[in-house]
Amino acid sequence: MKIKNILKIKKLAIAFGNRKKSTEVVHNISFGISENEILGIVGESGSGKSVTSLAIMGLLPEKNTFLKGEMFFNTQNLLNESKKDIRKIRGSEIAMIFQEPMSALNPSIICGEQVSEVFRHHLNYSASKAKKETLSLFEKVKLPRPKELYNSYPHQISGGQMQRVMIAMAIACKPKLLIADEPTTALDVTVEKTLLDLLSELQEKLGMSILFITHDLNIVKRFSDDVCVMKEGEIVEKGPVQDVFDNPQHFYTRQLLDSIPAPKEVLKSEGPS
């Protein structure tokens, strides 16, 4: 039985500017993510998808950002929590895979150390135990030559391998909610498929809920349970994926569906990228 209290957003509005003048970019959106569910948020660039995910993570700049509404993670309203409490939740109970791994990973620190730091910070593991768990995670996300990659810098590995390092970092503490923000945008179609298969496998094994943000409806159709369609900061349609694809109600959803290109042919992968 699904429980509708993993994440529940009610009338969330996000604005940027100052107290005298601000511009609202997300307008009173509401949606929920059930336990062990994958929710896709789809829309064109600038529709408010990524801004919403950053708000959930507490990563929007405090100085010029104004948030209204409610954002419950289980029973906690994240908008009322202190910065200290948000830091405890972020990375341990809610984690995120960012769109550009080259930008998200620290170029001056070896990949294994960046993941080990999560274990030391959130779980107080010793250095040796953190390294052991990191190598185990690298195997779990199907990285080739885990010991070699542990000591590699981000620029020394492929884009697909960098995404796997980020996935390892995100799932280190077995979060209840994983946010994936366009994680396959810069990848070729073969690597995209292997990463989506990996996320599905990990979601099933760990029982995570996933908020999957993308502009690609083909990915939403084969990967998500429910979908929210965003346009200009509003959710214009939401529901089970099959219902929305079979019987779209909003003209924008119909436009998106009409513009879906034929699925690309995926070549058989020779191994993890």
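FYI, side chains are in, hydrogens and waters are out, and symmetry mates aren't considered; it's all heavy atoms of this structure. Since we're looking at a predicted model, the values are computed, not measured.
A donor-acceptor contact shorter than 3.5 Å is absent between the side chain of K10 and the backbone of F72. A side-chain donor-acceptor contact under 3.5 Å links Q163 to the backbone of P183. Proximity of a side-chain donor or acceptor of R164 to a complementary backbone N or O of L143 within less than 3.5 Å is not detected. No side-chain donor-acceptor contact under 3.5 Å links T65 to the backbone of L60. A donor-acceptor contact shorter than 3.5 Å links the side chain of K49 to the backbone of G43. When atom types are taken as modelled, the side chain of D181 and the backbone of S50 share no donor-acceptor pair closer than 3.5 angstrom. Looking at N74, its side chain never comes within 3.5 Å of a backbone N or O of Q76 through a donor-acceptor pair. For the pair E237 (side chain) and Q249 (backbone), a donor-acceptor distance under 3.5 Å is present.
With no hydrogens or angles considered, no side-chain donor-acceptor pair links T214 and D216 at under 3.5 Å. For the 3.5 Å distance criterion, the side chains of E182 and H215 qualify, holding a donor opposite an acceptor. Residues Y150 and S116 have side chains that bring a donor and an acceptor to within less than 3.5 angstrom of each other.
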List the atom pairs, donor and acceptor, that lie under 3.5 Å between side-chain atoms in residues 199-212 and the rest of the protein, sequence neighbours left out.
from: S200; atom 1: OG; to: L196; atom 2: O; distance (Å): 3.1
from: E201; atom 1: OE1; to: K142; atom 2: NZ; distance (Å): 2.9
from: E201; atom 1: OE2; to: K205; atom 2: NZ; distance (Å): 3.2
from: Q203; atom 1: NE2; to: N36; atom 2: O; distance (Å): 3.1
from: Q203; atom 1: NE2; to: N36; atom 2: OD1; distance (Å): 3.0
from: Q203; atom 1: NE2; to: M208; atom 2: O; distance (Å): 3.1
from: S209; atom 1: OG; to: S34; atom 2: O; distance (Å): 2.7
from: S209; atom 1: OG; to: N36; atom 2: N; distance (Å): 3.0

Audit row: Y252, V229, side chain to side chain contact (heavy atoms under 4.5 Å, CB included) steps and yes/no: CA-CA 9 Å; Y252 179 65; V229 180; 3.7 Å; yes
Evaluation steps, side chain to side chain contact (heavy atoms under 4.5 Å, CB included), between F16 and V51: CA-CA 11 Å; F16 297 110; V51 170; 4.1 Å; yes
Test side chain to side chain contact (heavy atoms under 4.5 Å, CB included) applied to L178 and I97, step by step: CA-CA 8 Å; L178 178 66; I97 304 168; 3.9 Å; yes
Side chain to side chain contact (heavy atoms under 4.5 Å, CB included) evaluation trace for V26 with E234: CA-CA 6 Å; V26 172; E234 297 181 351; over 6 Å; no
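Residues I179 and M57 have side chains in contact (heavy-atom distance under 4.5 Å, counting atoms from C-beta outward). Looking at I56 and L7, their side chains come closer than 4.5 Å, going by heavy atoms from C-beta outward. In this structure, M96 and L54 have side chains that are in contact, with non-hydrogen atoms separated by less than 4.5 Å. Put simply, the side chain of S224 does not reach to within 4.5 Å of the side chain of L39, judged on heavy atoms. Proximity of L149 to Q161: side-chain heavy atoms (C-beta onward) are separated by under 4.5 Å at one or more points. Within the 4.5 Å cutoff, the side chain of S92 has no heavy atoms near those of the P175 side chain. Counting heavy atoms from C-beta on, the side chains of L195 and I167 come closer than 4.5 Å.
Screening residues 97-147 for ring pair (Phe, Tyr, Trp, His ring centres under 6.0 Å) gives F119-Y125 as the qualifying pairs, with residues at least two apart or on separate chains. Note on residues 22-64: no pairs pass ring pair (Phe, Tyr, Trp, His ring centres under 6.0 Å), not counting sequence neighbours. Listed by first then second residue, pairs satisfying ring pair (Phe, Tyr, Trp, His ring centres under 6.0 Å) with a partner in residues 227-249 number zero, not counting sequence neighbours. Residues in residues 57-70 take part in these salt bridge (charged side-chain N to carboxylate O under 4.0 Å, His left out) pairs, two or more places apart or across chains: E62-K83.
Under the side chain to side chain contact (heavy atoms under 4.5 Å, CB included) rule, V241 has a single partner from D225, V220, D226, which is V220.
Cluster membership for I109 and M162, using ILVMFWY side-chain heavy atoms within less than 4.5 angstrom, is not shared.
E113 is linked by a salt bridge (charged side-chain N to carboxylate O under 4.0 Å, His left out) to R120, counting only residues two or more places apart in sequence or in another chain.
Salt-bridge annotation for D197 and K193: present, with a side-chain N of the basic residue lying under 4.0 Å from a carboxylate O of the acidic one.
Between I110 and N151 the shortest heavy-atom distance is CG2-O, 3.5 Å. Residue L79 comes nearest to L67 through the heavy atom pair CD2-CD1, 3.7 Å, listed as atom of the first residue, atom of the second, then distance.
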